[in-house]
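Residue numbering restarts at 1 for every chain, and letters A, B, ... go by the order of the sequence lines.
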Amino acid sequence: MDVATTPEQSAGSWSPLVDLTDRPLLEVIQGGDDALARAARRVIRALDDPDGIISAFQSAVS
Amino acid sequence: MTTPPAGGAVATLRQAQRAAAPWPYAELDPQRLRAAGWRPTPIRELVLKVHQRCNLACDYCYVYESSDQTWRDRPAVMADGIWQAAVGNLARHAATHGLRRVRVVLHGGEPLLFRLDRIEALVGYLHARLPQATEAQVNMQTNGVLLTRPAVARLAALGVTVGVSVDGAADDHDRHRRTHAGRGSFAAVARALDLLREPAHRPAYAGILTTVAPDTDPVRTFEALSAFEPPVIDFLLPHANWGEPPTHARPGATPYADWLIAVFDRWYGRSEPVRVRLFDDILALLLGGASGSEQVGLSPAGMLVVESDGALEQVDALKSAYPGAAATGLDVRRDELDTVFDDPGVTARQLGADALSETCGSCPVRRVCGGGHYAHRYRPGAGFRNPSVYCEDMRRLIDHMSARVTADLHRAAVPEKR
């Protein structure tokens with residue numbers, strides 16, 4: 001069977017709720033130690049990784 | 001590919017599933033979807049029900065207290081031939097699809113009843129059978145009662161990470177999580193968590209899993225859990241659906257969101273806060289990323305369950321919907337894992353936005369909410385293409401978090417005026 005190698009192929013286009021495309025946030029994200037900075041780093045890390053496959057338990061979060 | 005056997009039990013199962021859940025079982029055709037270009041996502045996680053019985057009798061357990069009582073007909077202990085077949089099947093699947101990482105979750109019942117010598121044999125067999133390029137993670141989800149010092153040390157040495165179910169403060173925990181004799185289990189679980197916190201065992205500490213309970217104090221619960229210094233806290237909404245609504249649901253009220261928001265406000269903005277899977281996932285989704293959990297987002301489900309008799313099933317949470325809701329009719333000894341992609345139920349959980357109801361499809365937060373947990377969308381006689389029974393709670397939580405995030409990001413990005 002032909003199976004997808006990345007989960008994004010069936011996900012369609014993505015439109016984030018918080019549009020900050022015109023704002024210089026990299027410094028804030030890289031330097032922060034709060035949950036938001038951590039989340040942003042996670043999103044950036046996942047750009048070249050087939051993350052986002054649902055797992056049943058918490059240790060799946062890398 | 002092996003196909004499920006025709007007739008008999010499988011035919012009866014399919015008939016029951018089509019009646020109880022026309023969507024997806026009567027309306028979704030996986031083969032037609034693939035012909036139209038859709039591609040399934042490989043399985044990356046096998047949940048092995050290595051022991052079907054439990055040393056606790058929690059009053060909300062969705063395995064033993066739900067209408068699906070199939071556990072009664074299965075062997076208490078998973079035989080060697082079953083877990084060996086499961087590992088072999090996973091190894092072939094990993095090789096076929098070039099998977100870099102897979103996970104095996106030891107589950108039950110209570111997996112520690114399976115015994116440590118069997119666990120050691122299973123872990124050794126797994127590492128020996130997987131392709132060299134595939135990394136294996138082994139996790140256990142336990143109630144913690146049997147986690148003695150020797151057990152923790154042995155699991156840590158085997159590289160098995162351990163997640164423990166705890167419901168917060170001692171009195172709240174003991175109200176629900178009791179032994180068969182009616183005694184609370186908190187003291188034993190607290191001892192186990194203290195062991196996992198020790199530096200030598202810390203790598204084996206996967207985290208804490210907690211059920212959201214609006215009749216408890218959310219901040220007190222969060223602080224009680226945080227005191228155990230878990231790497232992650234995973235808050236789960238109690239399993240419910242449109243036929244069996246959440247215990248605390250009331251028209252116009254959002255008690256589950258209110259509880260979670262109180263925790264979020266306590267947690268958010270702290271320096272290096274403990275990871276809270278639900279909040280971390282929603283934050284990542286708000287920023288344009290993906291989720292790895294069942295509760296939010298549109299990611300495809302990449303896990304399957306192997307029952308102690310070898311049956312390949314979807315996750316236990318579906319058993320809260322109707323008897324047989326998790327079943328596929330497949331057997332890990334006979335059927336390759338790829339075979340599950342012919343199952344409408346498995347396929348439905350990999351479709352992302354295409355599995356959402358019309359209501360969800362027009363909702364502005366659909367990519368964050370993702371329709372909520374699949375089990376919570378069930379409506380008797382209709383199936384799983386509905387908004388979550390927690391829809392209002394999810395919307396309120398996401399709106400609250402989005403407002404906080406938006407304000408913070410704008411504040412951080414705009415230079416202060418002189």
Between B:Ala284 and A:Ala39 the two heavy atoms that sit nearest each other are N-CB, 4.0 Å
From the list B:Arg404, B:Glu294, B:Arg349, the residue making the most non-hydrogen contacts under 4.5 Å with chain A is B:Glu294
Check the pair B:Leu287 / A:Leu36 against side chain to side chain contact (heavy atoms under 4.5 Å, CB included), numbers first and verdict last.
-> CA-CA 9 Å; B:Leu287 295 175; A:Leu36 187 55; 4.0 Å; yes
The interface call for B:Val274 against chain A, heavy-atom contacts under 4.5 Å, is backbone
Under 3.5 Å, side chain of A:Arg42 to main-chain N/O of B:Ala290, donor-acceptor pair present?
-> yes
Among B:Gly37, B:Gly297, B:Ser271, the residue with the most heavy-atom pairs under 4.5 Å to chain A is B:Ser271
Can a salt bridge be assigned to the pair A:Asp33 and B:Arg270 using a cut-off of 4.0 Å between side-chain N and carboxylate O?
-> no
Note: B:Asp280-A:Arg38 ion pair, threshold 4.0 Å (strictly below) | yes
